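Owing to the predicted nature of the structure, the values given are computational and were not obtained by experimental measurement. We name chains A, B, ... by the order of the sequence lines, and we start the count at 1 in each one.
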Amino acid sequence: MKSFGIEFVPMDLYWRTAYYSIQAEKLGYDNVWITDHFNNRNVYVSLSVVANYTERIKLGPGVTNPYIVHPVITAQSVASLNEIAPGRIVCGIGAGDRTTLEQVGVGMKSPLRAVREAVGVIRRQIAREKGAYEGRMFQMSEGARFNFKVQNRIPIYVGAQGPKMLRLAGSIGDGALINASHPDDIREAVKHVKGGVERAGRQMADIEIAAYTSFSVAQKEKSARKPVVPVAAYIVAGSPPSILEKHGISLKVADQIRNDLANRRWGEAFGAVDSNMIEAFSICGTPDQCIGKIEALFKTGITQFVTGSPLGPKVRASIDLFGREVLPHFKESS
Amino acid sequence: MSYRWLIKKIPTSKYEMLAERFMDALLEAKEGGNVPSSLVKAILYYSAQDHLASETSLVTLLEALASVDPQLTVSILEEFGLEEVDLPQKPAE
């Protein structure tokens with residue numbers, strides 16, 4: 001079964017994110033994912049509003065991280081959201097974005113352990129387990145439990161990009177959110193997720209695999225490409241060297257972009273983005289071009305395609321275009 | 001001229017198009033954060049209910065846009081055939 005998600009970065013006013021989410025629900029999207037960065041609007045405030053004005057679509061943070069937000073608070077937040085939108089909440093968690101973490105002096109220490117333990121803590125809290133949790137990064141005593149019951153299951157998706165995190169997603173996640181857009185990267189990522197699934201004695205059918213892409217659609221290719229540039233800059237800045245080298249992107253240029261972004265030199269950072277970076281790190285183009293690219297991604301084994309930021313030159317028009325000219329191609333065929 | 005009076009002057013056959021035009025303008029408005037929250041909540045409610053192009057919703061959209069960009073509001077109303085539009089005055093603060 002193919003499903004479709006949409007990602008919002010709450011840089012925009014909360015009511016606009018809510019409006020776009022309503023629009024996405026009506027057009028047949030299955031999931032709304034909202035990013036969690038300290039410098040944008042709060043993810044759970046945004047999700048609460050979306051939950052209030054939607055009826056069917058699933059929603060959750062995509063993704064939060066265990067460094068800035070303690071997993072006990074993540075568990076509390078998604079459990080509370082579940083009371084507004086019962087059975088529709090999902091929780092995406094990953095190691096976070098290195099650039100943003102460094103801005104507030106938080107190091108990305110032991111990311112695999114941090115994510116593994118955070119998932120354990122969130123599950124423990126939601127299930128109101130009685131025993132203590134003794135992790136190396138997180139510890140909880142026997143009495144550290146919710147005073148309320150969570151009525152629905154909340155699937156946890158692990159956001160991943162590198163091989164080890166992808167395997168972890170396969171071994172412990174209800175889903176994997178693959179942070180990539182190029183079919184070669186996603187094919188390889190799915191292979192790693194599968195490795196994790198097998199190592200944990202699970203079946204591929206047990207988990208959903210979502211490609212979390214940087215996406216832009218417009219009637220004209222040129223219009224679709226333009227808004228991708230800033231997003232591509234952030235992806236280049238946050239990508240591990242192995243990914244950059246694979247796409248022939250100079251580590252020196254990537255370092256420069258990372259430095260420019262950290263110092264808010266937007267012109268320099270975005271000016272360094274070339275078409276190779278756009279091809280490597282986004283799905284963009286006309287509706288027909290997007291259909292072709294998305295078909296290639298589904299062939300890699302993913303089960304959910306997420307249209308991530310920037311979505312297009314005009315968000316409302318691009319969501320509408322995707323919903324009317326791209327999504328039916330897949331929904332009708334499945 | 002009340003907001004409702006202005007909307008009633010526009011043919012109902014144009015309501016759908018007018019709602020889209022207002023919505024696009026609100027989504028692009030630089031001062032979108034200044035739309036009163038009671039109007040924002042009403043707009044989200046009408047969107048969720050698929051009633052964005054109803055007369056009552058259009059009155060809300062018009063009032064919301066007028067609160068942040070009166071000049072654009074007037075020009076949109078003129079596009080839809082209204083002449084010499086005089087927006088209701090905001091109550092003195």
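The contact between A/V49 and chain B is made entirely by side chain atoms (from C-beta outward), counting heavy-atom distances below 4.5 Å.
We find that B/E28 and A/R316 are not joined by a salt bridge, their nearest charged nitrogen and carboxylate oxygen being 4.0 Å or further apart.
Enclosure of atom CD in A/Q103 by more than 12 non-hydrogen atoms of other residues, nucleotides or ligands within 6.0 angstrom is indicated. Other residues, nucleotides and ligands contribute over 12 non-hydrogen atoms within 6.0 Å of the OH atom of A/Y53. With a 6.0 Å radius and a threshold of 12 heavy atoms from other residues, nucleotides or ligands, A/K293 has its NZ atom above the threshold. Heavy-atom contacts from other residues, nucleotides or ligands closer than 6.0 Å to NZ of A/K26 number more than 12.
The side-chain contact (heavy atoms from CB on, under 4.5 Å) with A/Y19 is formed by just one residue from the set B/V40, B/L26, B/L52; it is B/L52. When each of A/I22, A/N52, A/V50 is tested with B/L44 by the rule side-chain contact (heavy atoms from CB on, under 4.5 Å), just one qualifies, namely A/I22.
Between the CE atom in B/M23 and the CD atom in A/Q23 there is a gap of 9.0 Å [rounded to 0.5 Å]. In this structure, the separation between CH2 on A/W15 and OG on B/S47 is 9.5 Å, given to the nearest 0.5 Å.
Taking non-hydrogen atoms and a 4.5 Å limit, the residue list of residues 73-86 of chain B in contact with chain A is empty.
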